[in-house]
2 protein chains.
Amino acid sequence: MKQSIHRYKASLFKSLAHPLRLAILDALREGEKTVTQLQELTGGEQATISQHLAVLRVHHFITFRKEGTLAYYRNEDAEVYIFLDLGRQLYERQLNRHRQEIDAQVMGR
Amino acid sequence: MKQSIHRYKASLFKSLAHPLRLAILDALREGEKTVTQLQELTGGEQATISQHLAVLRVHHFITFRKEGTLAYYRNEDAEVYIFLDLGRQLYERQLNRHRQEIDAQVMGR
DNA sequence: CTCAAACATTAGACTATTCATATATTATAT
DNA sequence: ATATAATATATGAATAGTCTAATGTTTGAG
């Protein structure tokens, strides 16, 4: 049924729809990072980062390996980045459209 | 700053992260639809549909024209569909990975 | 002018997300 | 055995998103 596809797809989008999770994914573009490193790179609290990592793990965007007391997280599917980059194109076009709207309003006065 | 990009991008993803909104966008693939038609196609309540249409409008995914008492909605940026289709590929791969996980567990017993 | 149809908006209840705080857990060092 | 560092998890409060029901608005018909 189409509805269940939409439900699943929506949950996938939802799991990406958070600034900190996007920041984490971006940080992992350049390879493995520990939780502490991600904390420094993104400026989030330890617990908060762990929670967001858990969300990304459940959705198989990332995976990790333990080494001693450290946890090295890494991206699990490079295709996410194609997706995220396309998302970037999308919003850049939308920003332009938005600017044009405002310009039009200003000109119209 | 990167943070504001992540915030904006997250709000964009969030606006797509709802089953009914995805259903609406899918319904609009084949061209203009009135609110009543969208109601029939997606099975949502009138008010609910209108609210979700408003969300999609704010984010410039759709636009509309009025003709008499009818409102004809249509997609505003065809690139959304490239994006949505890529999303589909993403989750299909994840489903497969998930299935493999389960299989591995079953085999391991 | 009045009514009905199509749609939009508002208000409140309900549900889900998020964050911070506190508390586990695990591994290593002493 | 204890202490500490790194990470994870649980809990509750705050916030945001969603739905339903009711009300508004606009248009066209009669």
Side-chain angles (χ1 to χ4, degrees), chain A residues 3-4 6-25 27-28 31-76, chain B residues 3-4 6-25 27-28 31-76:
Chain A
Q3 246 185 333
S4 74
H6 289 143
R7 236 179 286 133
Y8 188 90
K9 211 163 170 178
S11 83
L12 210 116
F13 282 119
K14 205 178 287 184
S15 71
L16 292 176
H18 192 284
L20 199 43
R21 291 199 285 272
L22 292 177
I24 289 170
L25 287 174
L28 295 181
E32 285 189 334
K33 296 272 180 298
T34 67
V35 177
T36 307
Q37 287 177 317
L38 289 172
Q39 232 175 301
E40 287 158 1
L41 287 167
T42 65
E45 287 292 316
Q46 181 266 317
T48 307
I49 299 274
S50 270
Q51 287 161 354
H52 286 297
L53 286 171
V55 173
L56 292 172
R57 243 189 298 143
V58 170
H59 287 270
H60 293 275
F61 288 120
I62 61 177
T63 185
F64 71 112
R65 68 188 172 87
K66 286 224 115 179
E67 189 170 308
T69 168
L70 297 172
Y72 288 91
Y73 277 87
R74 65 173 181 279
N75 164 257
E76 189 175 354
Chain B
Q3 247 186 336
S4 75
H6 289 142
R7 234 179 287 133
Y8 189 91
K9 211 162 170 178
S11 84
L12 210 117
F13 282 121
K14 206 178 285 184
S15 71
L16 292 176
H18 192 285
L20 199 43
R21 289 199 287 272
L22 292 176
I24 288 170
L25 286 174
L28 294 182
E32 284 189 335
K33 297 272 181 297
T34 67
V35 177
T36 306
Q37 286 177 318
L38 290 172
Q39 233 175 300
E40 287 158 1
L41 287 166
T42 64
E45 287 293 316
Q46 181 263 317
T48 307
I49 300 274
S50 269
Q51 287 161 356
H52 287 297
L53 286 172
V55 173
L56 292 172
R57 244 188 299 144
V58 169
H59 287 268
H60 293 275
F61 288 120
I62 60 177
T63 186
F64 72 112
R65 68 187 172 88
K66 287 224 112 180
E67 190 169 308
T69 169
L70 299 171
Y72 289 91
Y73 278 87
R74 66 174 182 279
N75 164 256
E76 190 175 352

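Within every chain, numbering begins at 1; the chains are lettered A, B, ... in the order of the sequence lines, protein sequences first and strands thereafter.
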Asker: Can you see which heavy atom on Phe13(B) is nearest to which on Leu16(A), and at what distance?
Answerer: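 Nearest pair, atom of Phe13(B) first, then Leu16(A): CD1-O, 4.1 Å.
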Asker: Taking DNA chain D as the partner, which of residues 9-24 of chain B come within under 4.0 angstrom of it by heavy atom?
Answerer: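 Only Lys14(B), His18(B), Arg21(B) qualify.
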Asker: In chain order, what residues pass the side-chain contact (heavy atoms from CB on, under 4.5 Å) check against Lys14(A), with sequence neighbours excluded?
Answerer: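 So Lys14(A) forms a side-chain contact (heavy atoms from CB on, under 4.5 Å) with Ala17(B).
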Asker: Measuring from Asn75(B):CG to Leu28(B):CG, what's the distance to the nearest 0.5 Å?
Answerer: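 With rounding to 0.5 Å, CG (Asn75(B)) is 7.0 Å from CG (Leu28(B)).
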Asker: To the nearest angstrom, how far is Glu67(A) atom CD from dT7(D) atom C1'?
Answerer: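 Rounding to the nearest Å, CD of Glu67(A) and C1' of dT7(D) are 15 Å apart.
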Asker: Can you list, by residue number, the residues of residues 31-44 of chain A that have a non-hydrogen atom closer than 4.0 angstrom to DNA chain C?
Answerer: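 Output list: empty, so none.
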Asker: When the nearest nucleotide of DNA chain D is assigned to Leu53(A) and to Lys66(B) on a heavy-atom basis, which residue is associated with the more 5' position?
Answerer: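 Nearest-nucleotide comparison on DNA chain D picks Leu53(A).
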Asker: Return the value, rounded to whole Å, for the distance between atom CG of Leu70(A) and atom P of dT4(D).
Answerer: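 Going from CG in Leu70(A) over to P in dT4(D) covers 19 Å.
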Asker: Sequence neighbours left out, what pairs pass salt bridge (charged side-chain N to carboxylate O under 4.0 Å, His left out) with at least one residue falling in residues 50-67 of chain B?
Answerer: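 Found Glu32(B)-Arg65(B), Arg65(B)-Glu67(B).
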Asker: For Thr63(A), give me all partners under side-chain contact (heavy atoms from CB on, under 4.5 Å), at least two apart in sequence or on another chain.
Answerer: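 For Thr63(A), the residues satisfying side-chain contact (heavy atoms from CB on, under 4.5 Å) (neighbours in sequence not counted) are Arg74(A), Glu76(A).
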Asker: How far does NE2 of His18(B) sit from CZ of Arg7(A), to the nearest 0.5 angstrom?
Answerer: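 The distance works out to 11.0 Å.
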Asker: Testing the basics here: between Gln37(B) and Lys33(B), what is the closest heavy-atom pair and its distance to 0.1 Å?
Answerer: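 In terms of heavy atoms, the two residues are closest at OE1-CA, 3.3 Å.
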Asker: Find the distance Arg65(B):CZ to dT27(D):C1' and express it as a whole number of Å.
Answerer: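 Distance check: Arg65(B) CZ to dT27(D) C1' gives 15 Å.
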Asker: Which pair of non-hydrogen atoms, one from Val55(A) and one from Ser15(A), has the smallest distance, and what is that distance?
Answerer: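 In terms of heavy atoms, the two residues are closest at CG1-CB, 4.1 Å.
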Asker: Where does the chain A footprint on DNA chain C start and end, counting 5' to 3' with a 4.0 Å heavy-atom cut-off?
Answerer: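 Taking any atom under 4.0 Å from a heavy atom of chain A, the span is dT17(C) to dT28(C).
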Asker: Do any N or O atoms of the protein come closer than 3.5 Å to N or O atoms of nucleotides 9-11 of chain D, and which pairs are they?
Answerer:
unit_1  : atom_1 : unit_2   : atom_2 : d
dA10(D) : N6     : Gln51(A) : NE2    : 2.8

Asker: If you look at every strand shown and take non-hydrogen atoms under 4.0 Å, does Tyr73(A) touch a base, only sugar-phosphate, or nothing?
Answerer: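 Tyr73(A): backbone/sugar contact only, no base atoms under 4.0 Å.
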Asker: Would you call Phe61(B) and Leu12(B) a side-chain contact if the rule is heavy atoms closer than 4.5 Å?
Answerer: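 Side chain of Phe61(B) against side chain of Leu12(B), heavy atoms only: contact under 4.5 Å found.
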Asker: Output side-chain donor-acceptor pairs under 3.5 Å for residues 38-54 of chain B, partner residues at least two apart or in another chain, one line each.
Answerer:
unit_1   : atom_1 : unit_2   : atom_2 : d
Thr42(B) : OG1    : Leu38(B) : O      : 2.7
Thr42(B) : OG1    : Gly44(B) : N      : 3.4
His52(B) : ND1    : Arg21(B) : NH1    : 2.9

Asker: Where do Ala23(B) and His6(A) come nearest, in terms of heavy atoms and distance?
Answerer: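 That closest heavy-atom pairing would be CA-CE1, 3.5 Å.
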